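First up is the structure itself, then whatever we jot down about it.
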Amino acid sequence: MSLLRMPEASSGRLAENVLHFGRVLRAAGMPVGTHQVLAALEALRHAGIGRREDFYWTLASVFIDRREQRELFDQAFHMFWRDPDLLGRILHMMLPRVEGLQPERDKANRRLQEAFGRGAPEAPRLEQQAEREIEIDALLSFSSRELLQRMDFEAMTAAELAAARQLIARLRLPLREARTRRLAPDPRGRHIDRRATLKAAIASYGDVIPLRRAAPLRVPPPLVILVDISGSMSRYARMFLHFVHALSNARRRVSVLLFGTRLTPITRELRQRDVDIALERVSARVADWAGGTRIGICLRDFNRLWSRRLLGQNACVLLLTDGLDREGCDCLAAEMERLHKSCRQLIWLNPLLRYDGFEPRAAGILAMRPHVDLFLPAHNLESLAELGRILAQPVAAQREEARAA
Amino acid sequence: MPQTIDELQQRLAAADYIASRGLATAAFLALRMGRPLLLEGEAGTGKTEIAKVLAAVLGRQLIRLQCYEGLDLAAAAYEWNYPRQMIEIRLAEAGGAADRERLAADIFAERFLIRRPLLQALQGDPQAPPVLLIDELDRTDEPFEAYLLEVLSDFQLSIPELGTICAASAPIVVLTSNRTREIHDAVKRRCLYHWVDYPDAARELEIVRRKAPGAAERLSREIVGFVQRLRGEDLFKLPGVAETIDWTRSLMELDRICLDPQTINDTLGVLLKYQDDIARIKGSEAASILAQVQAELAAGS
């Protein structure tokens, strides 16, 4: 086998160590596969291991496949190849945690807890009237579902939250599609599919040439979702994350970032199919949950670092925030304008809209308001369904609706 | 084919491409292992350039596929020459009792095939396979990436009417991405990856010396110092190496031998391409950066 023909006499040890290094990277969260370890060994055969720098770059070119991994790789490399035992010990310390993830058990634990009534201790007590309304039977009859849809997330018990989550998971989005430049066969298309036409002509040996037609393919546009998770929003954000999770599993090209005092991308965490595990991973990622808000700063970071990567190809942006900026808003209007101009459509979901006759007075809201295409309520399930409906409409119709509202 | 990383780095340098050790290693491995090289990085850091230089250094043909949204098979791999096929059918008809079975086979023969970059790269000279540059892969859509997988993994391409076309020897493939979206993991898995970073001051100075040979030494140093500091600023779009070279050349056109605040303000548009960025740097900010750079250079010499 080729990888046994290593340049050094100690090749066995080297191969072993590279393998071990691959495991370390995997344990640290990098998606390292066997093929990469094999490729690394082959690469080392070519590059040699004479210089530490070359060794570094050889392994880097094989193990890294996105820029964010550079730092992790760098640290792991310097620790591992200076003193593999040191890292081995660290790995050993990490392993129980990594292996202990065991999603199934965790999930069961949480659900067990909930079953014993200790779940969601942060749920605020309901006023008496609401208390009477929420006597739902376990099967969730039609009428009780109706009731749920109009309840504010902020006033839901653990049981209701669970029911609402299920409802959200079942929510189907009739998503609007965007026209691409790619053609697909379509009998009523405006373009002529020459290849198919010729093929059809050959079938009759050129006696008749039946025109085959094609039309531009339609695909759902990329969706970028920015969720405010500051203190005043935390309750909504949690619920909205369930919606986002359902969304990102149902369609491709959905990117999600959370912001409070800083931006946290959670797209990868949300790919996990099970919503409980996904949200658990999200909360492990987030350091500024239910803290302050710095909308302006966060939007600036997004514009600077993420917009070019995420807003290509006609992306739509969903912004979930109450617009209450804790830090004054000198840059807020400018950053909103930039965001608005770099995406196809900017939709702002604001839970404050629930109050009838809501008038934006907060400076943050006034600064942001002129730069959105759509301004929608997002405080209960009914409006999330509304959101799904709006997202599925053509742009022109949406503008009409926004004007009417 | 270079035997060591050093050799490759020297040969690239001889062709005026100053590669970092990391990039040289990745390129060397790509050549030796016959794997595609995926380069990501900000615009203007020399991703496209290295493919061109590699082709020149190795004496290979460069085949470039510029990606764009909606790029399809017909533009990327091959296309049938429909007008000629139609004529062929008509001719056969006019000729009377032509053998219809044969006509069907004739129509989809190799001579009616128009070769686009991917097919050209697979059918290149087997003694010296070409360099295939797939530029700005992030601009295409996912269906094209999926198609590219077949080409990149086995260096073969299926044409339903003709069968599978295999490369006699694999081309050297360089893919670049500006990262306006994430490239699919399956494509990445087949490639060697390198993030092309902005060069450090020493390397950038060397690049400027080579690409703008007539520039005064002091001017080059000041330019590099200025650009390096600018990259530490909070800007929407940082200047790349391409901008540094352009700026040096434009200052040479203006017969400058050193930087001064007025000249910087007048030519800032060569370096920064966003109005917000220009407004931020112009004036006092530029003057203060220049003062720092000059102080640093004075302290150094």
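Letters go in sequence order (proteins before strands), and every chain restarts at 1. Owing to the predicted nature of the structure, the values given are computational and were not obtained by experimental measurement.
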Less than 4.5 Å to any heavy atom of chain A: does that hold for the side chain of [X], its backbone, both, or neither?
X	result
B/L23	neither
B/E79	side chain
B/R139	backbone
B/N178	neither
B/L192	both
B/T140	backbone
B/F236	both
B/L71	backbone
B/T25	side chain
B/N81	neither
B/Y68	neither

task: Pick whichever of A/H35, A/H46, A/R70 has the most heavy-atom pairs under 4.5 Å with chain B.
output: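 So the answer, after comparing A/H35, A/H46, A/R70, is A/H46.
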query: Hey, which of A/Q36, A/E53, A/R308, A/R253 has the most heavy atom pairs under 4.5 Å with chain B?
result: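 Highest number of pairs under 4.5 Å: A/R308.
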Does [X], at its [atom1] atom, have more than 12 non-hydrogen atoms belonging to other residues, nucleotides or ligands within less than 6.0 Å?
X	atom1	value
B/K237	NZ	yes
A/R194	CZ	no
A/R190	CZ	no

Atom group of [X] that falls short of 4.5 Å from chain B, counting heavy atoms:
X	result
A/R300	side chain
A/A39	both
A/I64	both
A/T197	neither

Partner chain A: residue of [options] with the largest heavy-atom pair count (under 4.5 Å):
options	answer
B/Q85, B/E69, B/R189, B/E40	B/R189
B/L235, B/D185, B/D234, B/D276	B/D234
B/D138, B/D197, B/I107, B/D72	B/I107
B/G70, B/A74, B/G22	B/G22
B/E161, B/M86, B/H194, B/R35	B/E161
B/I5, B/L37, B/T4, B/I183	B/I5

Taking all heavy atoms of [X] and all of [Y], pick out the closest pair and write down the distance.
X	Y	result
A/C316	A/R344	SG-NE, 4.4 Å
B/P36	B/R190	CD-O, 3.3 Å
B/Y17	B/G46	OH-O, 2.8 Å
B/R11	B/M1	NH1-C, 4.3 Å

Please check this pair: side chain of [X] against backbone of [Y], looking for a donor-acceptor N/O pair closer than 3.5 Å.
X	Y	result
B/H184	B/A186	yes
B/K47	B/E42	yes
B/S177	B/R179	yes
B/T176	B/E136	yes

- request: Determine the interplanar angle of the B/Y78 and B/W80 rings, folded into 0 to 90°, and report it as parallel if under 30°, tilted if 30 to 60°, perpendicular if over 60°.
  value: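 Plane angle over 60°, so perpendicular.
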query: Mind checking whether A/F21 and A/W81 have ring centres under 6.0 Å apart?
result: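 Between A/F21 and A/W81, the centre distance is under 6.0 Å.
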message: Using side-chain heavy atoms (C-beta onward) and a distance below 4.5 Å, is A/R45 in contact with B/M33?
response: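 A side-chain contact under 4.5 Å is absent here.
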